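Before any comments, here is the structure.
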Amino acid sequence: MTQLSPATTTDSTGRAPGVETRPGWWRDAVIYQVYPRSFADGNADGMGDLAGVRQRLPYLAGLGVDAVWLSPFYASPQADAGYDVADYRVIDPMFGDLSDAEALIREAHRLDLRVIVDLVPNHSSDQHDWFQRALREGPGSPARARYHFRPGKGADGEQPPNDWESIFGGPAWTRTKNPDGTPGEWYLHLFAPEQPDFNWDCPAVRDEFRTVLRFWLDLGVDGFRIDVAHGMVKADGLPDMGHGDQLKLLGNQVLPFFDQDGVHEIYRDWRQILEEYGGDRIGVAEAWTPSADRTALYLRPDELHQAFNFHYLDAGWDAGALRRVIDESLDSMRPVGAATTWVLSNHDVVRHRSRLGDDLDRARAATLLMLALPGSAYVYQGEELGLPEVTDLPDEVRQDPSFFKSNGQDGLRDGCRVPLPWSSGGSSYGFGDGGAWLPQPRSWGGLSVEAQTGDPASTLELYRRALRVRREHPDLGAGDAVEWLPAPDSVLAFRRGAFVCTANTGAQPVELPALPGRRILSSRAGLPTDPPADGTTLPADTTVWWSAV
């Protein structure tokens, strides 16, 4: 297909020139995650789709983000909300077809928005043609070499090949049946049984994903978010872990199935493909690693461009913990020349408003702190509305596969995936004319885009102002350091050139006797723009931006 050409003109929102003219755009970008099934429904079937996303792109351009990251929309049986891919080059009919994807990319580029698509290379769907062929052709076949098939342990092979556990609970192995109905080999799935892991030691797997990358780059996408980027390579021999409760070890140490050094060869190969296309196409790693230093290995100059900073997401709302993780993040990225990323919410974790104590003031303060840090920030759909986690979904509507397992993840990821409210009323608050695939709380009408637009005290308008200031202020965005300023124990205070940020993470107000400058933005509505010359009070759970000139 013909590669799409992004627009290169400045639009009415005053955004920077077109996507082909700003090298290194990702270093200070604000990237908005769209979860397609829950963003907007364009065909009134109750499920979000690509047409719905395209219709709402002007909203994202007006919000002030630089790029849109789309969670998977590929052909899939939806055993894990599209992260079980049956065909990487086909759009699932629930989301539309390839022409819808092309139209979305074209419209995004016209609005000066870049498009990042999800890539799922650790595993496929069990309905993928390759896996079905592997089942048919049996042990020893070339088709089986593309996955991890092994004979079981025990006299009759009745035990799994090793003791690895699935992230979703239970063993990471499922036994097959031979064509005659007798028990056969086992196959590895670090997630659901419907998600068999690829064997990246197989050249055919590597060749296949090179062509998948080029397919989407030819359609004009600006990059890839790589799902389970730390998981593709397994330790030689697939050794036992030696104990259970392996989920508790995730992110704490290198495991035989996660963060193996062999993954870096794959990303060096992919970087060459991205460079072929020009226009600063990027790769973003979803990599759970034991330390910021291990994360930095994915971002060496010949590998990927960004990695999610889960250490920051896990830091909580505590000045000391936040300062430590900010310093560690910046220090670890500096030697490899990579920009740090910051994130508070996504489709796999409890929304940060609820995670930080179900406190909207605290959530708003955390947002302004994140957006003040040097590097790139990620915003998950709906956090700009101050949406809380939905915790009372009926069991019968839940779809998270780990909800139906024991001893795995908490199984409550549906709570952050409830469809967005766009208007104050209607059967789905403007999500679509056919209802919503997960029920929305009745209170969400008051949190809708319609209800918050134009209200200077609303969370939506706070995000709009913050992103505008971030774009306009010369000392915000890119960079690799902050200058810490003296502050009380509960307060983070740092300078970046003529910009100063103060964040009170404590439960009590604090006095700032020496003002950093002119107040330009506050997370708490109602604070005066010009504080008294002799000092001011910084309320609890509040972040303020200052201009020192």
Side-chain angles (χ1 to χ4, degrees), residues 4-22 24-36 38-42 48-71 73 96 100-117 219-223 225 279-282 284 367 371 376-387 420-423 430-431 448-456 458-473 476-477 521:
L4 303 175
S5 299
T8 57
T9 58
T10 302
D11 68 14
S12 60
T13 66
R15 296 176 60 80
V19 296
E20 293 291 356
T21 62
R22 192 159 72 91
W25 64 272
W26 69 90
R27 303 189 71 87
D28 62 351
V30 177
I31 300 173
Y32 187 99
Q33 181 189 357
V34 166
Y35 193 69
S38 298
F39 190 68
D41 177 11
D49 48 42
L50 296 184
V53 175
R54 178 166 58 85
Q55 292 165 10
R56 297 292 187 176
L57 286 176
Y59 164 77
L60 297 180
L63 184 62
V65 301
D66 300 285
V68 179
W69 153 36
L70 297 161
S71 293
F73 47 74
D100 291 307
E102 292 179 292
L104 189 158
I105 295 167
R106 187 163 51 246
E107 178 65 6
H109 287 167
R110 187 186 71 79
L111 294 169
D112 195 23
L113 292 168
R114 294 181 184 258
V115 177
I116 297 170
V117 297
L219 260 67
V221 303
D222 301 288
R225 178 266 189 187
D280 279 338
R281 316 295 179 93
I282 70 168
V284 182
T367 293
L371 292 175
S376 177
Y378 279 77
V379 172
Y380 177 54
Q381 65 176 43
E383 71 172 72
E384 77 277 14
L385 304 177
L387 295 184
L420 295 191
W422 293 92
S423 61
F431 172 69
S448 66
V449 173
E450 178 184 60
Q452 296 196 43
T453 295
D455 177 0
S458 72
T459 301
L460 175 57
E461 294 298 348
L462 174 66
Y463 271 74
R464 286 171 171 162
R465 290 193 303 273
L467 293 179
R468 183 173 63 249
V469 172
R470 179 184 164 99
R471 183 177 297 277
E472 294 171 351
H473 200 293
L476 276 170
L521 190 61

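These numbers were taken from a predicted model, which means no experiment stands behind them.
Taking the salt bridge (charged side-chain N to carboxylate O under 4.0 Å, His left out) definition, one finds that R464 meets it with E461, sequence neighbours left out. Judged as a ring-ring contact (aromatic ring centres under 6.0 Å, His included), and not counting sequence neighbours, Y32 has no contacts. Remark: E107 engages R110 in a side chain to side chain donor-acceptor pair (under 3.5 Å) (not counting sequence neighbours). Checked against salt bridge (charged side-chain N to carboxylate O under 4.0 Å, His left out), D100 has no partners two or more places apart in sequence or in another chain. The side chain to side chain contact (heavy atoms under 4.5 Å, CB included) search around A40 returns R56, W422, not counting sequence neighbours. Partners of A466 by side chain to side chain contact (heavy atoms under 4.5 Å, CB included), not counting sequence neighbours, listed by chain and number: L368, L371, L521, W545.
From Y35, atom OH reaches atom CZ of F73 across 14.0 Å, with rounding to the nearest 0.5 Å. Atom CZ in R54 sits 13.5 Å away from atom CZ in F39 (nearest 0.5 Å). Interatomic distance, OG1 of T453 versus CG of L385, reported as 8.5 Å (0.5 Å rounding). Atom CG of L113 and atom CD1 of I105 lie 12.5 Å apart (nearest 0.5 Å).
Nearest heavy atom pair, residue L50 against residue L104, reads O-CD1, 3.7 Å. When every heavy atom of R470 is checked against every heavy atom of V30, the shortest pair comes out as NE-CG2, 3.4 Å. Of all heavy-atom pairs between G430 and S423, the closest is N-OG, 3.1 Å. Residues L111 and P58 share a closest heavy-atom pair of CD1-N, 3.7 Å. Heavy-atom minimum distance, G454 versus P456: O-CD, 3.2 Å. Closest approach of L70 and V115 over heavy atoms only: CD1-CG1, 4.0 Å.
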| query | Could you walk me through whether Y378 and R225 pass the side chain to side chain contact (heavy atoms under 4.5 Å, CB included) check? | reply | CA-CA 12 Å; Y378 279 77; R225 178 266 189 187; over 6 Å; no
| Evaluation steps, side chain to side chain contact (heavy atoms under 4.5 Å, CB included), between L60 and V34 | CA-CA 10 Å; L60 297 180; V34 166; 4.2 Å; yes
| Can D49 and D41 be said to form a side chain to side chain contact (heavy atoms under 4.5 Å, CB included), step by step? | CA-CA 6 Å; D49 48 42; D41 177 11; 3.3 Å; yes
| request: Check the pair I282 / W25 against side chain to side chain contact (heavy atoms under 4.5 Å, CB included), numbers first and verdict last. | output: CA-CA 10 Å; I282 70 168; W25 64 272; 3.8 Å; yes
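The backbone N or O of A29 sits less than 3.5 Å from a side-chain atom of S376, completing a donor-acceptor pair. No donor-acceptor pair under 3.5 Å is formed between the side chain of R468 and the backbone N or O of G64. The main-chain N or O of G24 is found under 3.5 Å from a side-chain atom of D280 such that the two form a donor-acceptor pair. Judged by distance alone, the side chain of Q55 and the main-chain N or O of V53 form no donor-acceptor pair under 3.5 Å.
Counted by atom type alone, Q452 and Y463 present zero donor-acceptor pairs between their side chains at under 3.5 Å.
Counting heavy atoms from C-beta outward, D28 and D66 have side chains that stay 4.5 Å or more apart. Taking 4.5 Å as the limit, some side-chain heavy atom of L63 sits within range of a side-chain heavy atom of L460.
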